[in-house]
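Quick notes on the structure that follows.
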Amino acid sequence: MFKIQKFEIIEIVLFVALGAIVLMSWNNNPQQQKLDNIKSVVDSPVSLDEPIKKKEISESLPTTNTTIKGFSNEIKALPPATPTKWEVGQDLYEEQKKQYGDLAVRFWADSNSITFLKEFDVDGDGQKETIIGICGLWGNHCPHEVVIIKNNKQVFSYSDTGVNVSLPESGSGFYIEWHTIKYYENGYCCPTGYMKTKFTFKDNKFIPVSEQEVTYINQ
C-alpha cells in the first residue's frame with residue numbers, strides 16, 4: 001500500500017479550506033451574485049433566433065385578421081446619454097458601451113441592457129433604421145422590448161417576454177415574433193411556438209397587415 005506523506009495531507013486540507021472560504025465569500029456577496037446574473041442575461045439572452053434555427057417548425061397560412069395588441073407608434077426622445085457609475089456591473093456596462101456605443105449609455109441609464117441591434121429600411125424611405133432589443137437589468141427571458149430608432153428618436157416599440165424582430169428578405173417592413181400564454185404551457189423557458197405579425201409603414205405609422213402562427217414540431 002502507498003503512504004500519504006504528512007505534507008501532502010496538509011496541502012489537501014489547505015486546498016479544501018480555501019475552496020470553502022471562496023464559496024462562502026461568494027454566497028455572502030449579493031453584489032457579486034447580481035453581477036453574475038446580469039452577465040449571464042446579456043451574454044446568453046433568450047431569443048427566438050436559436051429555437052428557429054434548431055427546431056422544425058410548422059407555419060399557418062398568413063391572415064389579415066391580426067390580433068397583436070400593445071404596440072406603440074409614439075415618437076419620443078431616447079433616454080439621455082448620461083454616463084453611469086455602478087457599484088455592481090461596471091465591467092458589463094463597459095462591454096455594452098464597447099459593443100453598442102451611445103445607445104448602450106442611453107438605455108443603461110434607463111436600467112436596460114441591449115440584447116441585439118439590427119439595421120434595416122423598415123419604412124421604405126431608402127434609409128436604414130436601427131432596431132434594438134432591450135432587457136431590464138437583472139431580468140431573464142430577454143429581450144423584453146423591441147424599439148425602432150429613426151433620426152435619434154424612438155418611433156416604434158412593442159413589449160413582450162422573449163419578443164423578437166425578423167426582417168423580410170426583400171422590400172420594407174418587419175415581423176414581430178411574440179407569444180400568447182398558450183405558448184408557455186411548458187414554462188417561459190420553453191415556448192412551444194409564437195405568433196408572427198408583419199408590420200408595414202403607412203400614413204406615417206407602422207401598422208400590422210398580416211399574421212401567422214408558428215409552432216414547433218415535436219416540442
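This is a predicted model, so every value here is computed, not measured.
For the pair L137 and S113, the minimum side-chain heavy-atom distance is below 4.5 Å. Under the 4.5 Å side-chain criterion, counting only non-hydrogen atoms from C-beta, I207 is in contact with V209. Using a 4.5 Å heavy-atom threshold, the side chains of I134 and D110 count as separate. Using a 4.5 Å heavy-atom threshold, the side chains of I148 and D123 count as separate. At least one side-chain heavy atom of I132 sits less than 4.5 Å from a side-chain heavy atom of F107. Residues V165 and I176 meet the side-chain proximity criterion, which asks for heavy atoms closer than 4.5 Å. The side-chain heavy atoms of S72 and F156, taken from C-beta on, include no pair separated by under 4.5 Å. No side-chain heavy atom of I68 sits less than 4.5 Å from a side-chain heavy atom of M195.
Ring-plane geometry between F199 and F174 is classed as parallel, the angle between the planes falling under 30 degrees on a 0 to 90 degree scale with a further cut at 60. W178 and Y158 have perpendicular rings, their planes meeting at more than 60° on a 0 to 90° scale where under 30° would count as parallel.
In this structure D102 satisfies the side-chain hydrogen bond (donor to acceptor under 3.5 Å, both in side chains) test together with R106, sequence neighbours excluded.
Going from atom CD1 of I149 over to atom CD of Q154 covers 7.0 Å, rounded to the nearest 0.5 Å. Note: L167 CG to D121 CG = 10.5 Å, rounded to the nearest 0.5 Å. To the nearest 0.5 Å, atom SG of residue C189 and atom NE2 of residue H141 are 7.0 Å apart. With rounding to the nearest 0.5 angstrom, the NZ atom of K150 is 7.0 Å from the CZ atom of F201. Distance OG1/T130 to CG/N151: 10.0 Å, rounded to 0.5 Å. The OH atom of Y100 sits 9.0 Å away from atom CZ of F116, with the distance rounded to the nearest 0.5 Å.
Of all heavy-atom pairs spanning A104 and Q96, the tightest one is CB-O, 3.3 Å. Taking all atoms of both residues into account, the shortest heavy-atom contact from I57 to I217 is O-CD1, 3.7 Å. Taking both residues in full, the closest heavy atoms of G124 and S172 are given as N-CB, 3.7 Å, listed atom of the first, atom of the second, then distance. Taking all atoms of both residues into account, the shortest heavy-atom contact from P168 to G173 is CD-O, 3.4 Å. Residues F120 and G171 approach most closely at CZ-O, 3.3 Å, considering heavy atoms. T115 approaches C135 most closely through the heavy-atom pair CG2-CB, 3.8 Å.
H179 places no side-chain N or O within 3.5 Å of a backbone atom of D160 that could act as its donor or acceptor partner. Distance alone, capped at 3.5 Å, places no donor-acceptor pair between the E119 side chain and the K128 backbone.
The hydrophobic clustering, which links ILVMFWY residues whose side-chain heavy atoms are closer than 4.5 Å, places Y175 and I131 apart. Linking Ile, Leu, Val, Met, Phe, Trp and Tyr whenever their side-chain heavy atoms come within less than 4.5 Å puts F206 and I75 in one cluster.
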- For T161 and Y184, what are the C-alpha separation, side-chain angles and deciding distance, and is it a side-chain contact (heavy atoms from CB on, under 4.5 Å)? CA-CA 10 Å; T161 300; Y184 290 128; 3.9 Å; yes

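With respect to the salt-bridge test (charged N to carboxylate O, under 4.0 angstrom), the residues K97 and E94 qualify.
Residue pairs meeting the side-chain hydrogen bond (donor to acceptor under 3.5 Å, both in side chains) criterion with at least one partner in residues 201-214, sequence neighbours excluded, are T67-E211, K182-E213, Y183-E213, T197-E211.
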